Amino acid sequence: MSDEPIVKRWHTVAEVAEMLGYGQSKVRMLIIQGDLRSLKDGGSRRVLPEWVDEYVRLRARQGDQAS
């Protein structure tokens with residue numbers, strides 16, 4: 001057995017909302033609209049860390065284009 005800590009592989013909608021400073025309903029809407037990728041895990045949605053980063057880059061590009 002390894003002494004290495006478990007690394008979080010995905011986030012819940014609530015965790016993503018907290019990270020982005022959004023409400024959970026906004027995160028769910030981003031998922032429904034296809035702006036934020038997710039996967040279904042049983043009855044829950046999960047978001048990979050790289051997908052959160054992908055969404056932030058998308059928003060940053062959109063902000064640059066609006067300026």
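Counting from 1, the numbers follow the sequence of the chain as shown. Computed from a prediction, not measured in an experiment: that's the story for all the values here.
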*asked:* What's the separation between atom NZ in Lys26 and atom CG in Asp35, rounded to the nearest 0.5 Å?
replied: 9.5 Å
*Work out which heavy atom in Lys8 is nearest to a heavy atom in Pro49; give both atom names and the distance.*
O-CG, 4.4 Å
*May I ask whether Val27 and Met29 are part of the same hydrophobic cluster, defined by side-chain heavy atoms of I, L, V, M, F, W, Y residues being less than 4.5 angstrom apart, directly or through others?*
no
*What are the two closest non-hydrogen atoms of Glu54 and Arg37, and how far apart are they?*
OE2-CD, 3.0 Å
*Check whether any side-chain heavy atom of Leu20 lies under 4.5 Å from a side-chain heavy atom of Tyr55, and answer yes or no.*
yes
*Is the closest side-chain heavy-atom distance between Val56 and Arg59 below 4.5 Å?*
no
*What pair of heavy atoms forms the shortest contact from Ala14 to Gln24, and how long is it?*
CB-NE2, 3.6 Å
*What distance separates Glu15 CD from Arg46 CZ, expressed to the nearest 0.5 Å?*
7.5 Å
*Would you name the heavy atoms of Leu48 and Arg9 that are closest together and state the gap between them?*
CD2-O, 3.4 Å
_So which atom in Val47 and which in Ser38 form the shortest heavy-atom distance, rounded to 0.1 Å?_
CG2-CB, 4.0 Å
*So do Leu39 and Trp51 actually touch side chain to side chain, heavy atoms under 4.5 Å?*
yes
_Is any side-chain heavy atom of Val13 closer than 4.5 Å to one of Ile31?_
yes
